[in-house]
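The next block holds one structure in the form of structure tokens; read it before the comments.
Labels below follow one simple rule: chain letters A, B, ... track the order of the sequence lines, proteins then strands, and each chain is numbered from 1.
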Number of protein chains: 2
Amino acid sequence: MTVVENDNSDLYSYKYPHPAVTVDCVVFGLDDGALKVLLIKRLDPPFEDSWALPGGFIKMDEDLQDAAFRELREETGVAQLYLEQFHTYGRPGRDPRERVITIAYFAIVNLFEHKLSASTDAKDVAWFPVDGLPALAFDHGEILRDGLAALQYKVRRVPLVFEFLPQKFTLPQLQQLYETILREALDKRNFRKKLAATGVVDALEEHQTGVSHRAARYHVFHRELWEKKAEEGEEFKI
Amino acid sequence: MTVVENDNSDLYSYKYPHPAVTVDCVVFGLDDGALKVLLIKRLDPPFEDSWALPGGFIKMDEDLQDAAFRELREETGVAQLYLEQFHTYGRPGRDPRERVITIAYFAIVNLFEHKLSASTDAKDVAWFPVDGLPALAFDHGEILRDGLAALQYKVRRVPLVFEFLPQKFTLPQLQQLYETILREALDKRNFRKKLAATGVVDALEEHQTGVSHRAARYHVFHRELWEKKAEEGEEFKI
DNA sequence: CCAAAAGTGTTAGAGATACACCCATGG
DNA sequence: CCATGGGTGTATCTCTAACACTTTTGG
């Protein structure tokens, strides 16, 4: 028998088991042209000195997604990001200390518009390329793989990629991002045709500067238009 | 402060909140040609006499999916079914008693091969057509809608429909089931063409009997072949 | 003027859709 | 022989995939 902080006490608290519940986040960012994942080095046992997904225990009066936002803000200084729940993991024994159930989210951080703040400069937070990951604590390796699969799946159907990019981006930049996430080469002309068909990317007059070749045109994502189309049931397919 | 049953006691049990955790199941079955959902009438407050999704508290040493199986067996007598996790709900206040986080599964019961046993004959368990649902307890209405969407989504990509049907079924029966789930009419010839293209449904020589019109041929789902194809990354599309 | 990457259309093939008549069975 | 639903093929269209050259810029 264990004493826990639980203010909503009533009969049920006596009758039923109360496991610990955490949220863990697979945070993706585009760093130096590569798809990277944010990991945190654990300072305490278990898995001391191992890398792990950012996350932590939910508070009693906090929604699940709010908990994910809070943990990311606390641990990484990231404030604005895209968040989506993808799976819940609860195998007994996945945490050697006690029963812990974790609700996993994947997140996208825009590293162009939100440089990581103070807390991320600490030596225990780092971005790892998805094809060069260290061994992870707990079952975080499995969670990370599932999160990557969820990102790859979703990115084909919903215009998520713009969460990675600056407001103004070039089409080659966008295509490279898709190729990075999906791990496959795309045909330039067909890619642009499909993109044009979605109708949610507008060309600006402005061009790239400072490149030693033809300058690419900047484009912007027309978010409001997409949201209107999404409401009408329109799909986004790349 | 509350005392709970928790044998894995250690330092973390003191420091972090421990909410109650349940699994809830949206159980679908094909009953009398209609898509129905299994609901349970609550006998105790809160929401006394309201209908609710079957489900219940997880045990401390039990995997999430095992908990879902156990609850369904206990509450409905259903032993063999398809189960898939689709979302986790944890809004504070969703249960008026205390903080309860619920991991939601959708399930498919084969009512041809597994008639519901004793416990389901009790007056407090019933099948409701998905377009004639009563008001549900807690946020179960929302969970049910999401579960139905998950079923509709999944059924187009994975051969789940066979979970609803007897081992031998006719093609009109199969098509009607798709139409029921997807709520749209399908072209008979095109439907059969697509189905043939998947290659996982075999025709038998045997025909339907006792109908006052041309008898339909029985077919079977070739599950092993599908599993082999699925491993090779093949998709199922209807 | 050279190197490097941006930009741009057409054609062929595959897959999806629309569509109408004959067949078998029981009453 | 009638009513009911089972069973079958083709033509069109749309979407996808393959593919090569010209343009712009900086050095």
Query raised in the report: Between B:Asp139 and B:Arg94, is the closest basic N to carboxylate O distance under 4.0 Å?
Result: yes
Query raised in the report: CD of A:Glu205 versus P of C:dG7: gap in Å, rounded?
Result: 12 Å
Query raised in the report: So does A:Glu74 pair up with A:Arg70, basic N to acidic O under 4.0 Å?
Result: yes
Query raised in the report: What integer distance in Å separates A:His213:NE2 from C:dC1:C1'?
Result: 18 Å
Query raised in the report: Using 4.0 Å as the upper bound for N to carboxylate O, is an ion pair formed by A:Arg157 and A:Glu235?
Result: no
Report summary line: Result for 5'-nearest mapping on DNA chain C, choosing between B:Ser212 and B:Lys237, is B:Lys237
Report task. For this output row, return yes or no: ring centroids of B:Phe112 and B:Phe169 closer than 6.0 angstrom. Result -> no
Query raised in the report: In Å, rounded to the nearest 0.5 Å, how long is the span from CD of B:Glu163 to CD of B:Gln80?
Result: 10.0 Å
Report task. Verify the distance criterion only: is there a donor paired with an acceptor across the side chains of B:Asn110 and B:Tyr82 at less than 3.5 Å? Result -> no
Query - Carboxylate-amine/guanidinium proximity below 4.0 Å for B:Arg217 and B:Glu206 - result: no
**Report entry** Opening and closing nucleotides of DNA chain D in contact with chain A, under 4.0 Å to non-hydrogen atoms
**Finding:** D:dA17 to D:dG26
Query raised in the report: Of the residues in residues 187-196 of chain B, which ones touch DNA chain D at a heavy-atom distance under 4.0 Å?
Result: B:Lys188, B:Arg189, B:Arg192, B:Lys193
Report summary line: Taken in chain and number order and not counting sequence neighbours, the residues that satisfy side chain to side chain donor-acceptor pair (under 3.5 Å) with A:Arg145 are none
**Report entry** Spacing of A:Tyr218 atom OH relative to C:dA6 atom P, expressed in whole Å
**Finding:** 12 Å
